[in-house]
Amino acid sequence: MNWKTLDSVNQLEEVRQTSQTDPVLIFKHSTRCPISSMSLNRLERRWEETNIQAYFLDLISNRDVSNAVEREFGVLHQSPQALLIKGGKVVHHSSHSGIDFDEISAISNNPETV
């Protein structure tokens, strides 16, 4: 799995632009939370080759970026949390044990989800 690090508020424009052509996943991870580590591990184990562009956001180091994601995309913060963005909008979000690669992949591949 090729994570891109999301560590700057300025990258949110890149995320929006990328989501116009490829689905984008933002995974919000707390390095201090065992549930977050479990969700991350489960996601990475199930990950398959896909056109989803995956961004990793370390909440402890980049709380300002996490706050900006919440404001920019209108999804209340949770940790861990996965946001799937297509066409500049969040089309799916999940948290904790609800983070599921198969569900994320199915939604990302659905042409009606924009």
Side-chain angles (χ1 to χ4, degrees):
M1 182 167 189
N2 294 323
W3 288 109
K4 296 178 185 172
T5 303
L6 181 57
D7 58 5
S8 166
V9 172
N10 295 332
Q11 287 176 280
L12 294 181
E13 183 56 33
E14 172 188 324
V15 166
R16 278 195 183 277
Q17 291 300 317
T18 300
S19 77
Q20 299 300 325
T21 56
D22 290 320
V24 171
L25 177 73
I26 296 176
F27 184 83
K28 296 169 87 177
H29 176 62
S30 171
T31 55
R32 297 180 186 156
C33 174
I35 294 171
S36 190
S37 293
M38 178 194 69
S39 294
L40 174 61
N41 185 296
R42 202 170 119 231
L43 179 65
E44 289 181 329
R45 278 194 335 261
R46 295 283 302 141
W47 195 267
E48 298 173 1
E49 189 63 35
T50 179
N51 67 331
I52 300 171
Q53 304 300 308
Y55 286 78
F56 181 89
L57 173 53
D58 176 344
L59 299 172
I60 304 304
S61 299
N62 300 289
R63 187 63 186 184
D64 61 326
V65 179
S66 177
N67 292 339
V69 168
E70 181 178 8
R71 283 190 310 273
E72 187 79 18
F73 294 106
V75 176
L76 187 63
H77 166 76
Q78 294 187 51
S79 170
Q81 186 174 44
L83 290 83
L84 182 64
I85 303 160
K86 287 176 70 175
K89 299 177 189 163
V90 173
V91 296
H92 172 77
H93 61 91
S94 52
S95 65
H96 299 83
S97 61
I99 299 171
D100 181 71
F101 174 76
D102 293 333
E103 184 176 16
I104 291 167
S105 180
I107 294 168
S108 74
N109 289 318
N110 183 343
E112 296 178 14
T113 309
V114 178

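One-based numbering along the sequence shown. Note that these values count all heavy atoms, side chains included, but never hydrogens, waters or copies made by symmetry.
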Gap between atom CD1 of Ile99 and atom CG of Leu40 - 0.5 Å precision: 9.0 Å
Smallest separation among heavy atoms of Ser36 and His29, with atom names: OG-ND1, 2.6 Å
Minimum heavy-atom distance Ile52-Ser105, with the two atoms named: CD1-CA, 4.3 Å
Joint hydrophobic cluster, Val75 plus Val15, side-chain heavy atoms closer than 4.5 Å: yes
OG1-CZ distance between Thr50 and Phe101, expressed to the nearest 0.5 angstrom: 5.0 Å
Plane angle bin for Phe56 and Trp3 - parallel if under 30°, tilted between 30 and 60°, otherwise perpendicular: perpendicular
hydrophobic_cluster_shared for Tyr55 and Leu59, side chain cutoff 4.5 Å: yes
Closest non-hydrogen atom pair, Gln78 against Ser95: OE1-OG, 2.7 Å
Reported CG-to-OG1 distance for the pair Asp58 and Thr5, which is rounded to 0.5 angstrom: 9.0 Å
Cluster overlap Leu57 with Phe73, hydrophobic side-chain contacts below 4.5 Å: yes
Residue pairs, two or more places apart or on separate chains, that pass salt bridge (Lys or Arg N to Asp or Glu O under 4.0 Å) and touch residues 38-52: Arg42-Asp100, Arg46-Asp102
N-O pairing of Glu14 and Lys4 below 4.0 Å: no
Nearest-0.5 Å distance that lies between atom CG in Leu12 and atom CG in Leu6: 6.0 Å
Non-hydrogen atoms of Glu103 and Gly98 that approach each other most closely: OE1-O, 4.0 Å
Non-hydrogen atoms of Val65 and Ser8 that approach each other most closely: CG2-N, 3.6 Å
Under 3.5 Å donor-acceptor, Glu72 side chain and Glu70 backbone: no
Contact summary for Gln81 and Leu76, nearest pair of heavy atoms: NE2-O, 3.0 Å
Note, Asn109 side chain near Asn51 side chain (heavy atom, < 4.5 Å): yes
Using residues 83-94 as the side-chain source, report each donor-acceptor pair under 3.5 Å to any protein atom, sequence neighbours left out, with the distance given to one decimal.
from, atom 1, to, atom 2, distance (Å)
Lys86, NZ, Ser108, O, 3.1
Lys86, NZ, Asn110, O, 2.9
Lys86, NZ, Thr113, O, 2.8

Ile35, CD1: over 12 other non-hydrogen atoms inside 6.0 angstrom: no
Heavy-atom check, side chain of His96 versus side chain of Pro80, under 4.5 Å: yes
